[in-house]
J.: 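Below is the structure I would like to discuss, written out as structure tokens.
Below, each value reflects all heavy atoms present in this structure, side chains not excepted, and no hydrogens, waters or symmetry copies. Sequence lines set the chain letters: A, B, ... in the order given, protein chains first and strands last, and positions in each chain run from 1.
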2 protein chains.
Amino acid sequence: MIGKLNHVAIVVNDLEAATAVYRDTLGAKVSAPVDLPDHGVTTVFVELPNTKIELLLPLGEDSPIAKFAANNPAGGMHHLCYEVEDIIAARDHIIAAGGRVLGDGEPKIGAHGKPVLFLHPKDFCGTLVEIEEV
Amino acid sequence: MIGKLNHVAIVVNDLEAATAVYRDTLGAKVSAPVDLPDHGVTTVFVELPNTKIELLLPLGEDSPIAKFAANNPAGGMHHLCYEVEDIIAARDHIIAAGGRVLGDGEPKIGAHGKPVLFLHPKDFCGTLVEIEEV
């Protein structure tokens with residue numbers, strides 16, 4: 001069911017410093033920062049040959065990653081995003097298998113403009129999982 | 001410098017349950033468990049079209065992931081592994097840029113039989129980073 005790993009999201013408190021780590025220390029290709037006010041994040045994309053790392057900085061007072069950022073001063077891995085072909089079919093399969101979907105279970109439009117859902121970390125090896133329809 | 005994301009490592013306390021989550025709930029292709037006593041882990045590979053998830057269970061009394069597993073009962077993301085072409089050149093570049101390499105700085109043979117180094121999480125966005133020469 002799940003396809004490619006679309007991205008690994010890393011929450012940081014200093015986006016410039018994090019960008020420099022990936023660009024200068026690790027020598028990766030990075031994007032300019034992009035504000036996504038509807039999602040409460042500013043993001044920099046680290047483009048690897050096979051997937052992306054997304055560096056996320058809280059944006060605004062209601063950012064969904066504000067608490068995580070405050071709890072992880074040096075930053076930290078926040079979630080993994082897997083691609084699915086049909087998010088409704090994927091959701092129904094996951095629920096039938098006993099996995100919990102966060103929120104009301106209805107897909108939202110995610111940061112890439114595509115339908116997404118988040119899955120409960122306790123049911124997925126302690127990992128917050130996003131599924132995105134591509 | 002860094003190339004592909006080789007794998008995301010997730011430490012778990014119940015490898016059978018974690019394997020079932022990825023195989024049954026998420027519908028991914030998973031390997032049989034492999035004991036790697038020299039590395040203190042039993043691992044299951046989740047094969048995605050573009051990268052791998054490695055589920056790691058502590059093996060033996062001196063497992064390097066024993067403490068992480070104990071601190072994360074539901075499991076948790078443990079490290080990211082990036083591929084490099086030349087691990088000595090990568091190491092020297094990282095150190096020159098101010099990044100700390102763990103241990104004595106000499107590459108060890110990793111779980112895939114290739115030279116690896118681990119980088120200090122505090123210098124890499126709160127993320128334990130492995131680099132592997134491929």
J.: Roughly how far, to the nearest 0.5 Å, is CG of A:Leu5 from NE2 of B:His7?
T.: 12.5 Å
J.: Among B:Ala18, B:Ala28, B:Gly3, which has the most heavy-atom pairs under 4.5 Å with chain A?
T.: B:Gly3
J.: For B:Asp14, is it the side chain, the backbone, both, or neither that has a heavy atom closer than 4.5 Å to a heavy atom of chain A?
T.: neither
J.: Check whether A:Asn72 gets within reach of chain B through its side chain, its backbone, both or neither, counting any heavy atom under 4.5 Å.
T.: neither
J.: Of the backbone (N, CA, C, O) and the side chain (C-beta and beyond), which part of A:Ile2 lies under 4.5 Å from a heavy atom of chain B, both, or neither?
T.: both
J.: Hey, mind stepping through B:Lys4 and A:Leu48 against side chain to side chain contact (heavy atoms under 4.5 Å, CB included) and telling me if it holds?
T.: CA-CA 6 Å; B:Lys4 291 182 181 176; A:Leu48 303 178; over 6 Å; no
J.: Measuring from B:Ile10:CD1 to A:Phe124:CZ, what's the distance to the nearest 0.5 Å?
T.: 11.5 Å
J.: A quick test of your reading: do over 12 heavy atoms of other residues, nucleotides or ligands sit less than 6.0 Å from NZ of A:Lys108?
T.: yes
J.: Under a 3.5 Å distance rule, please check whether B:His93 uses its side chain to pair with a backbone N or O of A:Gly27 as donor and acceptor.
T.: no
J.: Are A:Leu59 and A:Val30 connected in the hydrophobic side-chain network, where two residues link if heavy atoms are under 4.5 Å apart?
T.: no
J.: Give a yes or no on whether B:Val21 and B:Val11 share a hydrophobic cluster (residues Ile, Leu, Val, Met, Phe, Trp, Tyr; joining criterion: side-chain heavy atoms under 4.5 Å apart).
T.: no
J.: Tell me, out of B:Val84, B:Thr51, B:Val12, who's got the most heavy-atom pairs with chain A below 4.5 Å.
T.: B:Thr51
J.: Going by side-chain contact (heavy atoms from CB on, under 4.5 Å), B:Thr25 matches just one of A:Val129, A:Ile94, A:Ile95. Which one?
T.: A:Ile94
J.: Step through the shown structure and confirm whether more than 12 heavy atoms of other residues, nucleotides or ligands are within 6.0 Å of CG on A:Asn71.
T.: yes
J.: Under 4.5 Å between side-chain heavy atoms, hopping through other hydrophobics if needed: is there a path connecting A:Val41 to A:Leu15?
T.: no
J.: Quick one: of B:Ala97, B:Ala20, B:Ala74, B:Gly98, who has the most non-hydrogen atom pairs under 4.5 Å with chain A?
T.: B:Ala74
J.: In the single-linkage hydrophobic clustering (I, L, V, M, F, W, Y; side-chain heavy atoms under 4.5 Å), do A:Val134 and A:Ile109 co-cluster?
T.: no
J.: Between B:Leu119 and A:Leu26, is there a side-chain heavy-atom distance shorter than 4.5 Å?
T.: yes
J.: Do A:Val8 and B:Val8 touch side chain to side chain, with heavy atoms closer than 4.5 Å?
T.: yes
J.: If you draw a 6.0 Å radius around CD in B:Glu47, do more than 12 non-hydrogen atoms from other residues or ligands fall strictly inside?
T.: yes
J.: Where on A:Asn13 is there a heavy atom nearer than 4.5 Å to chain B: the side chain, the backbone, both, or neither?
T.: neither
J.: Would you say CG of B:Asp104 has more than 12 non-hydrogen atoms from neighbouring residues, nucleotides or ligands within 6.0 angstrom?
T.: yes
J.: Using the rule that Ile, Leu, Val, Met, Phe, Trp and Tyr join whenever any side-chain heavy atoms are under 4.5 Å apart, tell me whether A:Met1 and A:Ile87 fall into a single cluster.
T.: yes
